[in-house]
Amino acid sequence: MSRTHPHTERKNPWTRWQDQRRQAGAWGSARLPLWIALIALVLSVLVTLVWLAGRYEASQVQSELERDTADAIHGLRTSLSRDVQSLQGILSSQPSTDVWQPQVLGLLGQRREWLRVEWRDTQMLLKVAIDSPLRAPVFDRTPRSETIGEVLQSCQRAKRSNSPAYSGSYYLPQYDGLGMEVMELCLPMTHGGALQGYTLVTYSLQELLTERLLATYGRRNEISFTEADGTRLAMVGSQRRGQRLFKAQQLLDLPGTTMVLRMDGRRGAPDLFPNLLTALVTAMSIALISVVAMLIKDSRRRLKAEQELADALAFRKAMEDSLVTGLRARDLHGHITYVNPAFCEMVGFNARELMGRSAPMPYWPPEMVGEYQQRQAIRLAGNAPPREGYESVFMRKDGTRFPVLIIEAPLISTMGQQTGWMSAILDISEQRRVEEMSRASQDRLQATARLATVGEMASLLSHELNQPLAAIASYANGSLNLLREPAPDTLGDVQMALRRIADQAGRAGRVINSVHDFVRRRDQARESVPAQALLDAIGPLVNLQARKLHVQVHMRVDPRLPQALCDRTMVEQILLNLARNGMQAMDHPDCKDRVLVIHVKRAASNAQQSWLEFVVADQGSGIDPSVADQLFTPFFTTKAEGMGLGLSLCRTVVEQHGGHMGFEANSPCGTLFRFTLPATSLGHTLGSHTA
Ligand code: ADP
């Protein structure tokens, strides 16, 4: 067997596709951690960025504070040395105490941080002392002698270096219960290289900060002098409540002492977007997160669409593979662009052998190639095939031919353009075989039915032939008696008797002939027969039974009818069956009007075909509605000796002729069977018979 099984070809793309789906599934489940990692990464980058931006800002603040502190130190130094210069300016002119006093008082009036200025001689004995005019004298509570120790050290240092020197700070209690940290400046007074004395200035550290730094730096910071261990000596400036404390400190290195200047800056809790950078980073982060979110959403949608597509594809594939109808698509040039597995199986070629092929196709029987090519040319020229399809013959790879039904339609793309032809192909060999079998069994059934009728007729015949035979016998006996004693008119009587005998013999012969005609199977070819001829043919047989059952038979044929186009024998049998059924239905003691009407008339016709209608009406028992449905079912009968084949055969024969058969109740009683038969064209009407 050279037919390859297309399953092997079919499996490959299928398995490939399955693998792809499996991979897609695995990839889909592996994608979740990837997404989580991506989101975590993006989030951590964003958090880091925001944190870095915050830190950067904090460092900005810190360095600003450091800068401020350095500037403050510089400013302090400058102003302190300016103080020294002012004093030296006064001293340079070697003033007397009288001159010195007003000049120093002038300076004191301008400087709140100066508490007191003293002029002491080389022995540190006080010559003149002037307290600040701007406040109460500070040395009232604590005698000056108690604090002079601090000063001595700095003056010795000043004397040694011949330059101003500062003392360490010390606490000076006051009457109001408070006190203040103060610091002394000792400025040596020299004349011609010889020490003349000292000018001492007492500085209030608090006021020093207030006067020199508060205005510039105090608004945003707390400024203080501290000792090395952090103890605060003096402090100015507002301290805003804020979350974050920034601290900067620097040494104020003065000759003789060192202090720490410290600035505490509390910056308000940073705003949500404290500066442009953070705002920018945050905005970008939000944008990034939105983009990621959109990407996720998009990829979700994509995944879903992919899944749906895959499902649809799987469904289509399954449908295609399980289809028993062969499918074949051709492009506009007649090349095969698609075949389904069912088609491959039908013709025995695999898809690879068929794809792209054009006329002559490998499944065309060689002897038909010419005809098929012509048919394809007609199709490709754009002529639509019949909607109900057409029959053709294909050839399998092994050379066997088989009949197919092809239903073709134009292949229209989604754009609405025709891209080729799509065909559905049905292998109808099985159908043909069944049809053949059913036809054969029909024939057998008909033959059986005919034989059954013959059996019935045999009994009728014996009944019917009895009469003529008895008549013949009595005529013959009478003639013999006449001839035994001849009289003058004997010859005439014998002649008459012989004529009667001949008549009766002829009648008997006709009876036998009608049965013989009926039983003999004739050619089934259709012929055109006048309706009257059909009735004439069944007349003797019908009358035979009518007489037995005491039925009157009326046969009527409408004038100028066309001839019936039919299988004569079969139609005669239909009429005979219906007539016999009708008469049997009237064989009942209650039935008074035993009339059977057989009427042939013209039926509704159309332009292509005219039709004749045959009506067989009886006045019998009628048909019970409960059995009406089964009447045409083979072997349905209500009669003890019936076979139940008559009506079923009648209808089959009528339908074979293209007509239809039905029945209805007759008025006032009985049943009316009617059936139609095709008539010859109207030209044949001439010569038709009248009743
Ligand atoms: P059979 O005559 O062998 O019974 P048919 O197929 O001819 O088989 O008829 C089937 C049944 O239909 C009959 O048994 C009878 O009951 C019913 N039938 C047929 N024709 C008539 C009729 N004209 N009036 C009443 N009943 C009928």
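Values in this document were obtained by computation on a predicted structure and should not be read as measured data. Counting starts at 1 for both ligands and their atoms, in listed order. The chain is numbered in sequence order, starting from 1. Every heavy atom of this structure was used, including side-chain atoms; hydrogens, water molecules and symmetry mates were not.
- Scanning for side-chain hydrogen bond (donor to acceptor under 3.5 Å, both in side chains) contacts around E664 gives R674, with sequence neighbours left out.
- Judged by distance alone, with hydrogens and angles left aside, the side-chain atoms of E613 form no donor-acceptor pair with the main-chain N or O of V600 at under 3.5 Å.
- Partners of L411 by side chain to side chain contact (heavy atoms under 4.5 Å, CB included), not counting sequence neighbours, listed by chain and number: A329, T419, M422.
- Using modelled atom types and a 3.5 Å distance limit, the side chains of Y363 and E353 yield no donor-acceptor pair.
- Every residue two or more places apart in sequence or in another chain was checked for a side chain to side chain contact (heavy atoms under 4.5 Å, CB included) with E485, and none qualifies.
- Between V347 and R396, the closest side-chain pair of non-hydrogen atoms is not below 4.5 Å.
- Contact residues of ligand 1 (protein heavy atom closer than 4.0 angstrom to a ligand atom; sorted by chain and number): R580, N581, G582, A585, D618, G622, I623, L631, F636, T637, T638, K639, G642, M643, G644, L645, G646, L647, T671, F673.
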